[in-house]
There are 2 protein chains.
Amino acid sequence: MSKILPSIDEYIPHLAYDSVIFGFNGEQLKILILEYHNTGLFALPGGFVKRNENLDDAVQRGLKERTGLDKIYLEQFHTFGDISRPNPAVMRTILEANDHKVEEGNWLLDRFISVAYYALINYNNVEPKPDELSDSINWYAIDKLPPLMMDHGKIVEKALETLRNNLEKKLVGMNLLPSKFTMKELQLVYEAVLGEKLRRTTFQRKILGLDILKRHEKLFTGGAHKAPYLYSFKNKEPIEHY
Amino acid sequence: MSKILPSIDEYIPHLAYDSVIFGFNGEQLKILILEYHNTGLFALPGGFVKRNENLDDAVQRGLKERTGLDKIYLEQFHTFGDISRPNPAVMRTILEANDHKVEEGNWLLDRFISVAYYALINYNNVEPKPDELSDSINWYAIDKLPPLMMDHGKIVEKALETLRNNLEKKLVGMNLLPSKFTMKELQLVYEAVLGEKLRRTTFQRKILGLDILKRHEKLFTGGAHKAPYLYSFKNKEPIEHY
DNA sequence: TATTATTGTCTCATTTTGTTACAATAATAC
DNA sequence: GTATTATTGTAACAAAATGAGACAATAATA
(Lines give C-alpha, C1' and ligand atoms only; values in the text may rest on other atoms or scores of the structure.)
Protein backbone atom coordinates (compact mmCIF):
# COMPACT_ATOMS: atom_id res chain seq x y z
CA MET A 1 0.00 0.00 0.00
CA SER A 2 2.59 2.48 1.13
CA LYS A 3 3.95 4.37 -1.86
CA ILE A 4 7.17 6.28 -1.98
CA LEU A 5 6.92 9.79 -0.61
CA PRO A 6 8.24 12.73 -2.62
CA SER A 7 11.87 13.23 -1.73
CA ILE A 8 13.50 16.46 -0.64
CA ASP A 9 16.26 15.78 -3.18
CA GLU A 10 13.85 16.13 -6.04
CA TYR A 11 11.73 19.06 -4.89
CA ILE A 12 12.21 22.61 -3.68
CA PRO A 13 11.57 22.64 0.08
CA HIS A 14 8.93 24.90 1.64
CA LEU A 15 7.30 25.58 -1.71
CA ALA A 16 4.02 24.17 -2.94
CA TYR A 17 1.23 25.10 -5.27
CA ASP A 18 -2.53 24.68 -4.98
CA SER A 19 -4.96 24.80 -7.84
CA VAL A 20 -8.58 25.85 -7.98
CA ILE A 21 -9.93 24.07 -11.02
CA PHE A 22 -13.20 25.52 -12.22
CA GLY A 23 -15.52 23.56 -14.44
CA PHE A 24 -19.00 24.30 -15.76
CA ASN A 25 -21.71 21.69 -16.12
CA GLY A 26 -24.21 23.79 -18.03
CA GLU A 27 -25.70 25.54 -15.05
CA GLN A 28 -23.31 25.61 -12.13
CA LEU A 29 -19.72 26.49 -11.53
CA LYS A 30 -17.87 23.61 -9.88
CA ILE A 31 -14.46 22.96 -8.37
CA LEU A 32 -12.33 19.82 -8.17
CA ILE A 33 -11.78 18.71 -4.56
CA LEU A 34 -9.68 15.83 -3.23
CA GLU A 35 -10.60 13.65 -0.29
CA TYR A 36 -7.75 11.95 1.57
CA HIS A 37 -7.95 8.29 2.55
CA ASN A 38 -9.45 7.55 5.95
CA THR A 39 -9.20 11.07 7.25
CA GLY A 40 -12.33 12.92 6.19
CA LEU A 41 -10.04 15.72 5.03
CA PHE A 42 -10.87 17.67 1.88
CA ALA A 43 -8.30 19.66 -0.01
CA LEU A 44 -7.47 21.46 -3.23
CA PRO A 45 -5.30 19.55 -5.68
CA GLY A 46 -1.74 20.70 -5.13
CA GLY A 47 1.81 19.62 -5.45
CA PHE A 48 5.46 20.48 -5.31
CA VAL A 49 7.92 22.08 -7.68
CA LYS A 50 10.87 20.11 -8.97
CA ARG A 51 14.28 21.62 -8.56
CA ASN A 52 14.79 22.00 -12.28
CA GLU A 53 11.23 22.85 -13.27
CA ASN A 54 9.49 26.16 -13.94
CA LEU A 55 6.82 26.99 -11.41
CA ASP A 56 4.17 27.28 -14.12
CA ASP A 57 5.22 23.94 -15.59
CA ALA A 58 4.88 22.23 -12.23
CA VAL A 59 1.26 23.31 -12.07
CA GLN A 60 0.59 22.22 -15.65
CA ARG A 61 2.13 18.86 -14.84
CA GLY A 62 -0.07 18.39 -11.77
CA LEU A 63 -3.14 19.39 -13.72
CA LYS A 64 -2.36 16.95 -16.47
CA GLU A 65 -1.88 14.11 -14.02
CA ARG A 66 -5.24 14.84 -12.45
CA THR A 67 -7.38 15.72 -15.43
CA GLY A 68 -5.54 14.42 -18.46
CA LEU A 69 -5.76 17.91 -19.90
CA ASP A 70 -2.81 19.56 -21.56
CA LYS A 71 -2.01 23.22 -22.13
CA ILE A 72 -4.77 24.54 -19.99
CA TYR A 73 -5.61 28.15 -19.32
CA LEU A 74 -3.98 28.72 -15.95
CA GLU A 75 -3.72 31.90 -14.00
CA GLN A 76 -1.66 32.50 -10.94
CA PHE A 77 -3.61 34.71 -8.56
CA HIS A 78 -1.93 34.77 -5.17
CA THR A 79 0.84 33.36 -3.01
CA PHE A 80 -0.12 32.37 0.49
CA GLY A 81 2.74 32.75 2.94
CA ASP A 82 1.50 33.10 6.49
CA ILE A 83 3.26 31.03 9.11
CA SER A 84 -0.08 29.94 10.50
CA ARG A 85 -1.21 28.37 7.25
CA PRO A 86 0.58 24.99 7.21
CA ASN A 87 -0.49 22.52 9.78
CA PRO A 88 2.00 19.72 10.47
CA ALA A 89 -0.62 17.76 12.40
CA VAL A 90 -2.89 17.65 9.38
CA MET A 91 -0.06 16.61 7.10
CA ARG A 92 0.99 13.89 9.52
CA THR A 93 -2.59 12.60 9.71
CA ILE A 94 -2.75 12.35 5.93
CA LEU A 95 0.58 10.58 5.64
CA GLU A 96 -0.05 8.15 8.48
CA ALA A 97 -3.50 7.28 7.18
CA ASN A 98 -1.60 6.12 4.11
CA ASP A 99 0.70 3.89 6.19
CA HIS A 100 3.69 6.16 5.86
CA LYS A 101 6.05 6.32 8.78
CA VAL A 102 6.90 9.98 9.20
CA GLU A 103 10.06 10.76 11.08
CA GLU A 104 10.26 14.00 13.02
CA GLY A 105 11.73 16.72 10.83
CA ASN A 106 10.47 15.30 7.54
CA TRP A 107 10.37 18.13 5.03
CA LEU A 108 6.67 17.53 4.35
CA LEU A 109 5.88 18.63 7.89
CA ASP A 110 7.72 21.93 7.47
CA ARG A 111 6.26 25.31 6.79
CA PHE A 112 5.05 25.71 3.20
CA ILE A 113 4.49 28.76 1.08
CA SER A 114 1.90 28.03 -1.56
CA VAL A 115 1.44 29.65 -4.93
CA ALA A 116 -2.21 29.41 -5.96
CA TYR A 117 -3.52 29.10 -9.53
CA TYR A 118 -6.93 28.81 -11.03
CA ALA A 119 -7.84 26.98 -14.20
CA LEU A 120 -10.94 27.13 -16.40
CA ILE A 121 -11.66 23.83 -18.06
CA ASN A 122 -14.36 22.10 -19.98
CA TYR A 123 -16.09 19.88 -17.48
CA ASN A 124 -16.98 17.30 -20.10
CA ASN A 125 -13.48 16.61 -21.37
CA VAL A 126 -12.26 15.61 -17.96
CA GLU A 127 -11.80 12.30 -16.22
CA PRO A 128 -10.57 13.31 -12.76
CA LYS A 129 -7.92 11.02 -11.26
CA PRO A 130 -7.06 11.05 -7.54
CA ASP A 131 -3.39 11.15 -6.55
CA GLU A 132 -1.59 8.54 -4.41
CA LEU A 133 -2.66 9.98 -1.09
CA SER A 134 -6.29 10.59 -1.98
CA ASP A 135 -9.10 8.16 -2.44
CA SER A 136 -11.35 10.41 -4.44
CA ILE A 137 -11.49 13.55 -6.48
CA ASN A 138 -14.86 15.10 -7.26
CA TRP A 139 -16.61 18.13 -8.62
CA TYR A 140 -18.37 20.26 -6.03
CA ALA A 141 -20.64 23.20 -6.76
CA ILE A 142 -19.04 26.37 -5.43
CA ASP A 143 -21.91 26.98 -3.04
CA LYS A 144 -21.79 23.43 -1.69
CA LEU A 145 -18.15 22.84 -0.88
CA PRO A 146 -17.22 20.52 1.98
CA PRO A 147 -15.15 22.13 4.75
CA LEU A 148 -11.65 22.35 3.35
CA MET A 149 -8.49 21.75 5.33
CA MET A 150 -6.02 24.43 6.38
CA ASP A 151 -6.53 27.69 4.49
CA HIS A 152 -7.93 26.09 1.35
CA GLY A 153 -11.31 27.69 1.93
CA LYS A 154 -9.67 31.13 1.81
CA ILE A 155 -7.81 30.15 -1.33
CA VAL A 156 -11.05 29.27 -3.09
CA GLU A 157 -12.62 32.54 -1.98
CA LYS A 158 -9.75 34.55 -3.39
CA ALA A 159 -9.80 32.56 -6.63
CA LEU A 160 -13.47 33.33 -7.13
CA GLU A 161 -12.94 36.98 -6.35
CA THR A 162 -10.12 37.19 -8.90
CA LEU A 163 -12.13 35.33 -11.50
CA ARG A 164 -15.08 37.67 -11.06
CA ASN A 165 -12.90 40.74 -11.35
CA ASN A 166 -11.17 39.51 -14.48
CA LEU A 167 -14.04 37.87 -16.26
CA GLU A 168 -14.21 40.42 -19.05
CA LYS A 169 -10.47 40.30 -19.70
CA LYS A 170 -10.21 36.53 -19.45
CA LEU A 171 -13.20 35.76 -21.61
CA VAL A 172 -11.08 34.84 -24.54
CA GLY A 173 -8.82 32.51 -22.58
CA MET A 174 -11.89 30.80 -21.30
CA ASN A 175 -12.10 27.03 -21.56
CA LEU A 176 -15.31 26.49 -19.67
CA LEU A 177 -17.27 25.83 -22.86
CA PRO A 178 -16.83 23.60 -25.88
CA SER A 179 -15.25 25.34 -28.84
CA LYS A 180 -18.67 26.08 -30.32
CA PHE A 181 -21.43 27.31 -28.07
CA THR A 182 -24.63 29.28 -28.12
CA MET A 183 -25.15 32.76 -26.76
CA LYS A 184 -27.33 31.29 -24.07
CA GLU A 185 -24.58 28.97 -22.90
CA LEU A 186 -22.13 31.81 -22.72
CA GLN A 187 -24.61 33.81 -20.70
CA LEU A 188 -25.05 30.90 -18.30
CA VAL A 189 -21.30 30.86 -17.71
CA TYR A 190 -21.34 34.54 -16.90
CA GLU A 191 -24.24 34.11 -14.54
CA ALA A 192 -22.62 31.14 -12.80
CA VAL A 193 -19.36 33.02 -12.27
CA LEU A 194 -20.90 36.32 -11.24
CA GLY A 195 -23.62 34.69 -9.21
CA GLU A 196 -26.36 36.88 -10.65
CA LYS A 197 -28.89 36.87 -13.47
CA LEU A 198 -28.16 38.98 -16.53
CA ARG A 199 -30.54 40.50 -19.02
CA ARG A 200 -30.56 38.56 -22.26
CA THR A 201 -30.76 41.40 -24.77
CA THR A 202 -28.19 43.58 -23.06
CA PHE A 203 -25.81 40.67 -22.67
CA GLN A 204 -26.11 39.68 -26.31
CA ARG A 205 -25.55 43.22 -27.55
CA LYS A 206 -22.53 43.69 -25.32
CA ILE A 207 -20.81 40.45 -26.23
CA LEU A 208 -21.40 40.90 -29.95
CA GLY A 209 -20.11 44.45 -29.60
CA LEU A 210 -16.78 43.13 -28.32
CA ASP A 211 -16.25 41.62 -31.76
CA ILE A 212 -14.55 38.50 -30.44
CA LEU A 213 -17.08 35.94 -31.64
CA LYS A 214 -17.35 34.23 -34.98
CA ARG A 215 -20.82 33.09 -35.98
CA HIS A 216 -21.35 29.58 -37.34
CA GLU A 217 -24.29 27.45 -38.41
CA LYS A 218 -27.43 27.09 -36.35
CA LEU A 219 -27.89 24.48 -33.68
CA PHE A 220 -31.08 22.41 -33.96
CA THR A 221 -31.79 20.80 -30.63
CA GLY A 222 -35.28 19.57 -31.44
CA GLY A 223 -36.93 22.19 -29.27
CA ALA A 224 -40.12 23.81 -30.49
CA HIS A 225 -38.58 27.18 -31.12
CA LYS A 226 -36.20 29.19 -33.25
CA ALA A 227 -32.74 27.64 -33.35
CA PRO A 228 -29.82 29.65 -31.93
CA TYR A 229 -26.59 30.27 -33.79
CA LEU A 230 -23.40 28.65 -32.68
CA TYR A 231 -20.41 30.88 -31.97
CA SER A 232 -16.71 30.37 -31.36
CA PHE A 233 -14.01 32.69 -30.14
CA LYS A 234 -12.28 34.35 -33.07
CA ASN A 235 -8.83 33.67 -31.67
CA LYS A 236 -9.39 29.93 -31.32
CA GLU A 237 -9.78 27.29 -33.95
CA PRO A 238 -13.22 25.80 -33.48
CA ILE A 239 -13.33 22.01 -33.55
CA GLU A 240 -15.90 20.76 -36.04
CA HIS A 241 -18.86 18.77 -34.77
CA TYR A 242 -20.53 20.19 -31.76
CA MET B 1 34.03 46.09 5.02
CA SER B 2 32.77 42.57 4.68
CA LYS B 3 29.53 42.22 6.60
CA ILE B 4 27.90 39.00 7.65
CA LEU B 5 25.87 37.32 4.97
CA PRO B 6 22.31 36.19 5.68
CA SER B 7 22.45 32.64 6.95
CA ILE B 8 20.50 29.67 5.67
CA ASP B 9 19.59 28.87 9.26
CA GLU B 10 17.61 32.03 9.60
CA TYR B 11 15.88 32.21 6.22
CA ILE B 12 13.72 30.03 4.03
CA PRO B 13 15.88 28.77 1.17
CA HIS B 14 14.94 29.40 -2.46
CA LEU B 15 12.41 32.05 -1.51
CA ALA B 16 12.82 35.78 -1.95
CA TYR B 17 10.68 38.82 -2.47
CA ASP B 18 11.16 41.88 -4.65
CA SER B 19 9.37 45.16 -4.24
CA VAL B 20 8.40 47.79 -6.76
CA ILE B 21 8.07 50.95 -4.71
CA PHE B 22 6.17 53.66 -6.50
CA GLY B 23 6.44 57.28 -5.46
CA PHE B 24 5.03 60.46 -6.98
CA ASN B 25 6.91 63.74 -7.11
CA GLY B 26 4.07 65.93 -8.28
CA GLU B 27 4.38 65.13 -11.96
CA GLN B 28 6.05 61.79 -12.53
CA LEU B 29 5.72 58.27 -11.22
CA LYS B 30 9.03 57.00 -9.89
CA ILE B 31 10.48 53.76 -8.59
CA LEU B 32 13.16 53.02 -6.01
CA ILE B 33 16.18 51.27 -7.55
CA LEU B 34 19.30 49.95 -5.85
CA GLU B 35 22.79 50.06 -7.31
CA TYR B 36 25.28 47.47 -6.08
CA HIS B 37 28.82 48.44 -5.13
CA ASN B 38 31.39 48.31 -7.90
CA THR B 39 29.27 46.27 -10.28
CA GLY B 40 27.13 48.68 -12.27
CA LEU B 41 24.20 46.39 -11.48
CA PHE B 42 20.79 47.86 -10.80
CA ALA B 43 18.07 45.96 -8.96
CA LEU B 44 14.76 46.20 -7.19
CA PRO B 45 14.90 46.24 -3.41
CA GLY B 46 14.31 42.71 -2.23
CA GLY B 47 15.05 40.33 0.57
CA PHE B 48 14.46 37.01 2.19
CA VAL B 49 11.78 35.58 4.43
CA LYS B 50 12.67 34.47 7.94
CA ARG B 51 11.70 30.99 8.95
CA ASN B 52 9.21 32.21 11.54
CA GLU B 53 7.93 35.25 9.71
CA ASN B 54 4.82 35.82 7.59
CA LEU B 55 5.60 36.53 3.96
CA ASP B 56 3.76 39.86 4.08
CA ASP B 57 5.63 40.84 7.23
CA ALA B 58 8.97 40.14 5.60
CA VAL B 59 8.16 42.64 2.87
CA GLN B 60 6.95 45.23 5.37
CA ARG B 61 10.18 44.77 7.31
CA GLY B 62 12.32 45.27 4.21
CA LEU B 63 10.37 48.33 3.24
CA LYS B 64 10.74 49.82 6.67
CA GLU B 65 14.50 49.27 6.66
CA ARG B 66 14.77 50.99 3.32
CA THR B 67 12.32 53.84 3.60
CA GLY B 68 11.61 54.24 7.30
CA LEU B 69 7.93 53.87 6.51
CA ASP B 70 5.65 51.68 8.58
CA LYS B 71 2.36 50.03 7.69
CA ILE B 72 2.49 50.81 4.04
CA TYR B 73 -0.05 49.94 1.42
CA LEU B 74 1.45 46.85 -0.14
CA GLU B 75 0.01 44.60 -2.75
CA GLN B 76 1.34 41.29 -3.88
CA PHE B 77 0.91 40.98 -7.63
CA HIS B 78 2.86 37.99 -8.92
CA THR B 79 5.28 35.23 -8.08
CA PHE B 80 8.12 34.69 -10.48
CA GLY B 81 9.27 31.09 -10.61
CA ASP B 82 11.04 30.33 -13.85
CA ILE B 83 14.28 28.38 -13.60
CA SER B 84 15.94 30.81 -15.95
CA ARG B 85 15.31 33.79 -13.70
CA PRO B 86 18.05 33.53 -11.08
CA ASN B 87 21.55 34.05 -12.24
CA PRO B 88 24.24 32.69 -9.93
CA ALA B 89 26.95 34.55 -11.80
CA VAL B 90 25.22 37.87 -11.09
CA MET B 91 24.77 37.01 -7.44
CA ARG B 92 28.41 35.96 -7.15
CA THR B 93 29.52 39.22 -8.74
CA ILE B 94 27.53 41.21 -6.22
CA LEU B 95 28.81 39.26 -3.26
CA GLU B 96 32.44 39.28 -4.36
CA ALA B 97 32.37 42.98 -5.09
CA ASN B 98 31.53 43.29 -1.41
CA ASP B 99 34.58 41.23 -0.40
CA HIS B 100 32.57 38.16 0.50
CA LYS B 101 34.14 34.82 -0.13
CA VAL B 102 31.45 32.67 -1.63
CA GLU B 103 31.95 28.96 -1.41
CA GLU B 104 30.47 26.74 -4.09
CA GLY B 105 26.99 25.62 -3.07
CA ASN B 106 26.20 28.68 -0.96
CA TRP B 107 22.42 28.99 -0.71
CA LEU B 108 22.47 32.52 -2.12
CA LEU B 109 23.68 31.10 -5.43
CA ASP B 110 20.73 28.68 -5.64
CA ARG B 111 17.60 29.01 -7.63
CA PHE B 112 15.17 31.53 -6.13
CA ILE B 113 11.45 31.92 -6.50
CA SER B 114 10.46 35.52 -5.91
CA VAL B 115 7.17 36.92 -4.72
CA ALA B 116 6.74 40.45 -6.03
CA TYR B 117 4.91 43.30 -4.30
CA TYR B 118 4.24 46.88 -5.16
CA ALA B 119 3.87 49.74 -2.74
CA LEU B 120 2.48 53.24 -3.16
CA ILE B 121 4.18 55.75 -0.94
CA ASN B 122 4.43 59.44 -0.45
CA TYR B 123 7.69 60.44 -2.07
CA ASN B 124 8.23 63.30 0.35
CA ASN B 125 8.09 61.30 3.57
CA VAL B 126 10.88 59.06 2.47
CA GLU B 127 14.59 58.99 3.16
CA PRO B 128 15.79 56.01 1.11
CA LYS B 129 18.56 53.98 2.75
CA PRO B 130 20.70 51.52 0.79
CA ASP B 131 21.22 48.04 2.25
CA GLU B 132 24.61 46.48 3.08
CA LEU B 133 25.35 45.28 -0.41
CA SER B 134 24.33 48.44 -2.24
CA ASP B 135 26.01 51.77 -2.45
CA SER B 136 22.98 53.76 -3.49
CA ILE B 137 19.24 53.73 -3.67
CA ASN B 138 17.50 56.29 -5.86
CA TRP B 139 14.24 57.29 -7.41
CA TYR B 140 13.99 56.77 -11.16
CA ALA B 141 11.16 57.93 -13.37
CA ILE B 142 9.38 54.91 -14.80
CA ASP B 143 10.24 55.90 -18.35
CA LYS B 144 13.92 56.41 -17.51
CA LEU B 145 14.90 53.28 -15.64
CA PRO B 146 18.46 51.98 -15.91
CA PRO B 147 18.78 48.45 -17.30
CA LEU B 148 17.82 46.18 -14.42
CA MET B 149 19.50 42.90 -13.60
CA MET B 150 17.95 39.47 -14.11
CA ASP B 151 14.20 39.63 -14.68
CA HIS B 152 13.66 42.81 -12.67
CA GLY B 153 12.65 44.72 -15.76
CA LYS B 154 9.83 42.28 -16.34
CA ILE B 155 8.79 42.56 -12.72
CA VAL B 156 8.46 46.32 -13.04
CA GLU B 157 6.43 45.93 -16.22
CA LYS B 158 4.01 43.57 -14.57
CA ALA B 159 3.73 45.82 -11.51
CA LEU B 160 2.78 48.77 -13.69
CA GLU B 161 0.27 46.71 -15.60
CA THR B 162 -1.36 45.55 -12.37
CA LEU B 163 -1.38 49.04 -10.92
CA ARG B 164 -3.06 50.41 -14.04
CA ASN B 165 -5.71 47.72 -14.01
CA ASN B 166 -6.50 48.20 -10.33
CA LEU B 167 -6.22 51.95 -10.06
CA GLU B 168 -9.93 52.52 -9.49
CA LYS B 169 -10.17 49.85 -6.82
CA LYS B 170 -6.97 50.81 -5.08
CA LEU B 171 -7.63 54.53 -5.05
CA VAL B 172 -8.54 54.53 -1.41
CA GLY B 173 -5.48 52.60 -0.32
CA MET B 174 -3.38 55.06 -2.20
CA ASN B 175 -0.48 56.67 -0.38
CA LEU B 176 1.03 58.54 -3.26
CA LEU B 177 -0.27 61.87 -1.99
CA PRO B 178 -0.20 63.73 1.31
CA SER B 179 -3.30 63.22 3.40
CA LYS B 180 -4.81 66.42 2.04
CA PHE B 181 -4.55 67.18 -1.65
CA THR B 182 -6.22 69.13 -4.41
CA MET B 183 -8.30 67.67 -7.21
CA LYS B 184 -5.57 68.68 -9.62
CA GLU B 185 -2.95 66.71 -7.69
CA LEU B 186 -5.14 63.65 -7.70
CA GLN B 187 -5.63 63.99 -11.42
CA LEU B 188 -1.88 64.24 -11.93
CA VAL B 189 -1.45 60.95 -10.09
CA TYR B 190 -3.98 59.32 -12.36
CA GLU B 191 -2.31 60.70 -15.42
CA ALA B 192 1.13 59.59 -14.25
CA VAL B 193 -0.05 56.06 -13.57
CA LEU B 194 -2.15 55.67 -16.70
CA GLY B 195 0.31 57.48 -18.89
CA GLU B 196 -2.34 59.64 -20.54
CA LYS B 197 -4.00 63.01 -20.16
CA LEU B 198 -7.48 63.13 -18.67
CA ARG B 199 -10.19 65.72 -19.09
CA ARG B 200 -10.50 67.94 -16.05
CA THR B 201 -14.26 68.27 -15.77
CA THR B 202 -15.03 64.63 -16.41
CA PHE B 203 -12.39 63.52 -13.95
CA GLN B 204 -13.69 65.82 -11.25
CA ARG B 205 -17.28 64.74 -11.70
CA LYS B 206 -16.34 61.08 -11.67
CA ILE B 207 -14.19 61.23 -8.55
CA LEU B 208 -16.72 63.31 -6.63
CA GLY B 209 -19.40 60.88 -7.74
CA LEU B 210 -17.55 58.04 -6.04
CA ASP B 211 -18.30 59.77 -2.76
CA ILE B 212 -14.97 58.84 -1.22
CA LEU B 213 -13.60 62.34 -0.70
CA LYS B 214 -14.13 64.74 2.14
CA ARG B 215 -13.80 68.42 1.30
CA HIS B 216 -11.75 70.71 3.51
CA GLU B 217 -10.65 74.35 3.48
CA LYS B 218 -9.21 76.02 0.44
CA LEU B 219 -5.55 76.04 -0.43
CA PHE B 220 -4.06 79.46 -1.16
CA THR B 221 -0.84 79.03 -3.07
CA GLY B 222 -0.33 82.66 -4.00
CA GLY B 223 -1.27 82.09 -7.61
CA ALA B 224 -3.34 84.71 -9.41
CA HIS B 225 -6.45 82.57 -9.64
CA LYS B 226 -9.27 80.94 -7.75
CA ALA B 227 -8.01 78.73 -4.92
CA PRO B 228 -8.78 75.00 -5.08
CA TYR B 229 -10.32 73.04 -2.26
CA LEU B 230 -8.32 70.47 -0.36
CA TYR B 231 -9.70 66.95 -0.11
CA SER B 232 -8.89 63.85 1.88
CA PHE B 233 -10.05 60.26 1.57
CA LYS B 234 -13.06 59.69 3.78
CA ASN B 235 -11.65 56.48 5.19
CA LYS B 236 -8.39 58.06 6.35
CA GLU B 237 -7.78 60.54 9.10
CA PRO B 238 -6.35 63.63 7.45
CA ILE B 239 -3.33 65.09 9.19
CA GLU B 240 -3.81 68.78 9.91
CA HIS B 241 -1.51 71.31 8.22
CA TYR B 242 -0.92 70.66 4.60
C1' DT C 1 -52.28 25.31 -40.01
C1' DA C 2 -52.40 27.08 -35.31
C1' DT C 3 -49.65 26.89 -31.08
C1' DT C 4 -45.51 27.25 -28.21
C1' DA C 5 -40.95 28.45 -26.72
C1' DT C 6 -36.90 30.76 -27.78
C1' DT C 7 -33.98 33.68 -30.49
C1' DG C 8 -32.21 37.89 -32.94
C1' DT C 9 -32.96 42.55 -33.40
C1' DC C 10 -35.18 47.03 -33.02
C1' DT C 11 -36.83 50.96 -30.38
C1' DC C 12 -37.17 54.06 -26.83
C1' DA C 13 -36.05 55.47 -21.99
C1' DT C 14 -32.48 56.07 -18.71
C1' DT C 15 -27.88 56.64 -17.25
C1' DT C 16 -23.27 57.70 -17.96
C1' DT C 17 -19.67 60.12 -20.19
C1' DG C 18 -17.63 63.74 -23.40
C1' DT C 19 -17.39 68.59 -24.36
C1' DT C 20 -18.13 73.30 -23.99
C1' DA C 21 -19.30 77.25 -21.54
C1' DC C 22 -19.22 80.34 -17.84
C1' DA C 23 -19.36 82.43 -13.39
C1' DA C 24 -16.42 82.71 -9.17
C1' DT C 25 -12.47 83.71 -7.34
C1' DA C 26 -7.07 85.02 -5.73
C1' DA C 27 -3.48 87.25 -6.89
C1' DT C 28 -1.18 91.11 -9.78
C1' DA C 29 -0.79 95.34 -12.55
C1' DC C 30 -2.36 99.76 -13.05
C1' DG D 1 -9.89 100.81 -5.86
C1' DT D 2 -10.41 98.52 -10.69
C1' DA D 3 -9.11 95.87 -14.71
C1' DT D 4 -6.39 91.71 -15.86
C1' DT D 5 -4.97 86.89 -15.58
C1' DA D 6 -5.04 82.05 -14.51
C1' DT D 7 -7.45 78.46 -12.54
C1' DT D 8 -11.34 76.35 -10.33
C1' DG D 9 -16.18 74.55 -9.54
C1' DT D 10 -20.26 73.62 -11.72
C1' DA D 11 -23.92 73.89 -15.06
C1' DA D 12 -25.63 72.73 -19.63
C1' DC D 13 -26.02 70.20 -23.59
C1' DA D 14 -24.39 66.40 -26.85
C1' DA D 15 -23.00 61.82 -27.56
C1' DA D 16 -22.48 57.20 -26.17
C1' DA D 17 -23.59 53.25 -23.44
C1' DT D 18 -26.90 50.63 -20.99
C1' DG D 19 -31.60 49.16 -19.29
C1' DA D 20 -36.06 47.52 -20.50
C1' DG D 21 -39.63 46.17 -23.37
C1' DA D 22 -41.62 44.87 -27.84
C1' DC D 23 -41.86 42.08 -31.75
C1' DA D 24 -41.06 39.45 -35.83
C1' DA D 25 -38.72 35.06 -37.14
C1' DT D 26 -38.36 30.60 -36.60
C1' DA D 27 -38.35 25.06 -35.23
C1' DA D 28 -40.72 21.92 -33.39
C1' DT D 29 -45.45 19.94 -31.87
C1' DA D 30 -50.52 19.49 -31.66
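The shown structure was predicted, so the numbers you read here are calculated from the model rather than taken from an experiment. Just so you know, these numbers use all the heavy atoms, side chains as well, and skip hydrogens, waters and symmetry mates. Each chain gets a letter, A, B and so on, in the order the sequences are listed, and its residues count up from 1.
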Only counting residues at least two apart or in another chain, list the ones meeting side-chain hydrogen bond (donor to acceptor under 3.5 Å, both in side chains) with B:Gln60. none
For B:Thr39, side-chain hydrogen bond (donor to acceptor under 3.5 Å, both in side chains) partners two or more places apart: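 Residues passing side-chain hydrogen bond (donor to acceptor under 3.5 Å, both in side chains) with B:Thr39: none at all.
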Can you say whether the rings of B:Tyr118 and B:Phe22 are parallel (under 30°), tilted (30 to 60°) or perpendicular (over 60°)? perpendicular
Parallel, tilted or perpendicular, judged at 30° and 60°: which one describes the rings of B:Tyr140 and B:Phe42? perpendicular
Measure the distance from [atom1] on [X] to [atom2] on [N] and round it to the nearest whole Å.
X	N	atom1	atom2	result
A:Leu208	C:dT9	CG	C1'	10 Å
A:Gln187	C:dG8	CD	P	11 Å
A:Tyr229	C:dT9	OH	C1'	11 Å
B:Ile207	D:dT8	CD1	C1'	16 Å
A:Gln204	D:dG21	CD	P	18 Å
B:Phe181	D:dT8	CZ	P	15 Å
B:His216	D:dT8	NE2	C1'	18 Å

Can you list every salt bridge (Lys or Arg N to Asp or Glu O under 4.0 Å) pair that touches residues 141-162 of chain A, not counting sequence neighbours? A:Arg85-A:Asp151
B:Phe80 versus B:Asp18: any side-chain heavy-atom pair under 4.5 Å? no
Show your reasoning for whether side-chain hydrogen bond (donor to acceptor under 3.5 Å, both in side chains) applies to A:Ser179 and A:Ser232. CA-CA 6 Å; A:Ser179 63; A:Ser232 64; over 6 Å; no
Listed partners of A:Arg215 passing salt bridge (Lys or Arg N to Asp or Glu O under 4.0 Å), at least two apart: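 Once residues adjacent in sequence are excluded, A:Arg215 has no partner under the salt bridge (Lys or Arg N to Asp or Glu O under 4.0 Å) criterion.
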Please give the stem ranges for DNA chain D, sorted by first residue number, where a stem is three or more consecutive Watson-Crick or G-U pairs and both donor-acceptor distances are under 3.5 Å.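 Correct response: C:1-30 with D:1-30.
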Mark up nucleotides 16-26 of chain C, 5' to 3', with B wherever a protein heavy atom is under 4.0 angstrom from a base atom, S wherever such an atom reaches only the sugar-phosphate, and - elsewhere. -BBBBB--BBB
